[in-house]
Amino acid sequence: MTKYVFITGGVLSGLGKGVVTASIGKLFQFRGYKVDVIKIDPYLNVDPGTLNPIEHGEVFVCEDVWIFRPAEGYEFRIAEIDQDFGTYERFLDINMHPSNNITSGQIYLSVILKERKGEYLGKTIQVIPHITDEIKRRIRNVARRSNPDVLLVEIGGTCGDIEAMPFLEAVRQFRLEEPGNTALVHVTLVPYLETIGQLKTKPTQHSVRTLQSMGLQPDVIVGRAPFELPDDVKEKISLFCNVPKEAVISDPDLDVIYELPLIFERQGLGDYLCKILGLPPRKPDEKLYKEWEALTNLFKAPKDYVTIIMPGKYCMITDSYISINEALKHAGAHCGVKVKIKWVETETFEEDPGILDDLIKEIDGMLLTPGFGSRGVEGMILAAKYAIEHDVPFLGICFGCQLLFVAFARYVMGLHGANSTEVDPETPYPVVDLLPEQRKIKEKGGTMRLGGHVVRIFKGTKLYEAYGREFIVERFRHRYHIMPEYAEKAKEYGLVISATDEGGYIINAIELKDSRWIVGVQFHPEFKSRPNRPSPVYLEFIRNVIRYKKSK
Ligand code: GLN
């Protein structure tokens, strides 16, 4: 029978509740329990696919595409999910299913469409019980599908948010229906006031009181603070928030986030949660625990560093590219280096290309980022041009790959004004464009090429050197494509098509033959990178970056 751990947040968002959730999952995995994770996002979007990364952070893409059927006759494709799923996959090393991301949009859509179908005939549709029933049904569906020993359910946002209310109410009902089968972990901020040199517990007390007013008493309180909570602070939180002191857990600032499960384990959180859930007490498996410890040490002790420039358009919040940042860290750690990332907003180059002249000398590699739309794109194309001219190790991801091709077309093949039709619909050389069958699709949500697809890699390429295999599966999220007729022509100038789809119709990767290492991939290898198993293409990129740094 599945046990449930609900994770709520208080005081403010952005406390790293996703990392807490994933770390709790790891504690159960250490004990040999099977774990799955649900993330609830109280916003009204059906999925985060159309959200701006500056507003919401990265959109994560999973391997599977889920056909969401809110009511008979309606279908939506969902593979784009919340960025916390990236954290779960990286910590827990499991592939998550898109139906594990539940949004208010999905819940309300289902209930309203069912009402139109007449499924509730005669009834007034209300938040309680219809919305809360739908929420509980969705949670139990995940338990039924993946049948884990422990299902973690992270509720996005903070308690007290209006849109999160129905979800918290559903949690209350859930706990009533399954006594002894659930635990509630509340993550709050314990701020440090420098002027008086004290950690303050009042915000935690208030947010727990908000939870209590909704009929929810947390079993565990995780206090986010700059350092470990001293005993007296734990005692105070225990007294005021009505939890035993051993259930007040520190969540300090860390250089290496992968260390958090170890910090939780040392505080006895794993055993405590097993007790609350009535799971047979088990000690962590020594081998699994030691392996994780060794892994965190790998991340903590780099011998050297390399600097990579990431010219992009969503640089003001680092969460926009979180999977890329992590994939670079994974690859770096396994090569013994720390990867320093220099994010540069490309609109700055557009105004002053001289900035690039200086930057290009300082850096050891360039990663051109994914993206959409036309803002900042000329700067990205310019950056790719510089990488080609200076022969700097370069990895282009999705949009970054498409723009590498645009730069190649313009500056190597001499196709003046070449572009992607996404950026310039009137370009004389549409080297990146929609496929004919895509032109009739008008809707934006869920209509891209999404999820895991087979990629065929050609032997003798740099990409093949990275993967060492002819067929792989990588994850995609794009609408536009490198046009084969232009790619064929580009071959005469030294461009190599290094991968296609199985049928050879879609171009999945390109590279420059006579370069140190200039590679573009249409897919997003960062979504499959794990701390213990870095993405092969990121690893090969970092190896070349190190080689280049040493050669300078
Ligand atoms: N905007 C481009 C496309 O739709 C690239 C998308 C991306 O970088 N994920 O094809």
Side-chain angles (χ1 to χ4, degrees), residues 47-54 56-63 65 77 79-81 83 86 310-315 319-325 327 346 366-381 383-384 394-407 409 418-425 427 430-439 441-453 455 474-484 486-487 499-501 505-510 519-529 535 537-538:
D47 72 29
T50 55
L51 289 174
N52 184 335
I54 296 174
H56 188 70
E58 169 189 276
V59 172
F60 191 72
V61 178
C62 38
E63 201 105 342
V65 175
R77 291 168 71 238
E80 296 158 292
I81 52 177
Q83 57 163 307
M310 260 171 63
K313 41 188 293 180
Y314 311 113
C315 298
D319 263 8
S320 309
Y321 301 115
I322 184 163
S323 291
I324 293 180
N325 304 346
T346 51
M366 182 186 292
L367 188 148
L368 208 57
T369 53
F372 293 85
S374 54
R375 181 182 68 79
V377 168
E378 276 306 313
M380 289 177 78
I381 298 170
F394 173 101
L395 177 59
I397 307 285
C398 201
F399 205 34
C401 168
Q402 296 171 357
L403 297 179
L404 167 67
F405 190 60
V406 169
N419 216 329
S420 162
T421 52
E422 178 182 6
V423 182
D424 176 10
T427 169
V431 297
V432 176
D433 199 356
L434 294 175
L435 296 174
E437 62 269 28
Q438 291 178 296
R439 298 217 169 97
I441 303 170
K442 293 279 177 278
E443 277 168 28
K444 285 275 190 275
T447 54
M448 279 188 272
R449 182 170 176 238
L450 290 172
H453 293 273
V455 174
E474 287 285 6
R475 302 182 190 178
F476 289 79
R477 181 180 184 233
H478 69 121
R479 210 180 308 276
Y480 291 83
H481 294 77
I482 290 175
M483 287 292 111
Y486 285 103
T500 60
D501 64 337
Y505 175 53
I506 292 173
I507 296 172
N508 277 337
I510 55 171
V519 170
V521 291
Q522 186 58 73
F523 43 88
H524 292 265
E526 60 274 14
F527 292 141
K528 291 183 77 162
S529 183
S535 153
V537 63
Y538 277 82

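Ligands are counted one by one from 1 in listed order, and the atoms in each one are counted from 1 as well.
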Asker: At less than 4.0 angstrom from any non-hydrogen atom of Arg477, what atoms of ligand 1 do you find?
Answerer: 6 (C), 7 (C), 9 (N)
Asker: Using a strict cut-off of 4.0 Å, indicate which atoms of ligand 1 neighbour a heavy atom of Phe399.
Answerer: 1 (N), 2 (C), 5 (C), 7 (C), 8 (O)
Asker: Kindly compute the distance separating NZ (Lys528) from CZ (Arg475), expressed to the nearest 0.5 Å.
Answerer: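 So the NZ of Lys528 and the CZ of Arg475 are separated by 6.0 Å.
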Asker: Should the proximity of His481 to ligand 1, defined as any heavy atom under 4.0 Å, be assigned to the side chain, the backbone, both, or neither?
Answerer: neither
Asker: Determine yes or no for a side-chain-to-main-chain donor-acceptor pair under 3.5 angstrom, with Ser535 supplying the side chain and Ser529 the backbone.
Answerer: no
Asker: How far is atom 10 (O) of ligand 1 from the closest protein heavy atom, and which atom is that?
Answerer: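 Checking every protein heavy atom, the shortest distance to atom 10 (O) of ligand 1 gives Tyr480 N, 2.8 Å.
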Asker: Output yes when a side-chain donor or acceptor of Glu58 lies under 3.5 Å from a complementary backbone atom of Ser323, and no otherwise.
Answerer: yes
Asker: Any donor-acceptor pair under 3.5 Å linking the side chain of Thr346 with the backbone of Pro311?
Answerer: no
Asker: Please could you name the atoms of ligand 1 that Arg479 approaches to less than 4.0 Å, counting only its heavy atoms?
Answerer: 3 (C), 4 (O), 10 (O)
Asker: So is His524 close enough to ligand 1, meaning a heavy atom under 4.0 angstrom away?
Answerer: yes
Asker: Between atom OG1 of Thr500 and atom CD1 of Ile507, what is the distance when rounded to the nearest 0.5 Å?
Answerer: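 Output value for this atom pair is 8.5 Å.
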Asker: When you compare ligand 1 with Cys398, is there at least one nitrogen or oxygen pair between them that comes in under 3.5 angstrom?
Answerer: no
Asker: First locate atom CE of Met310, then atom OH of Tyr321, and finally report the distance between them rounded to the nearest 0.5 Å.
Answerer: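 With rounding to 0.5 Å, CE (Met310) is 6.0 Å from OH (Tyr321).
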Asker: I need the nearest protein heavy-atom contact for atom 1 (N) of ligand 1: residue, atom name and distance, please.
Answerer: Glu422 OE1, 2.7 Å
Asker: Are any of the N or O atoms of Gly371 closer than 3.5 Å to those of ligand 1?
Answerer: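 For ligand 1, there is an N or O atom that lies under 3.5 Å from one belonging to Gly371.
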Asker: Which distance, rounded to the nearest 0.5 Å, do you find between the CD of Glu422 and the NE2 of His478?
Answerer: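 The CD atom of Glu422 sits 11.5 Å away from the NE2 atom of His478.
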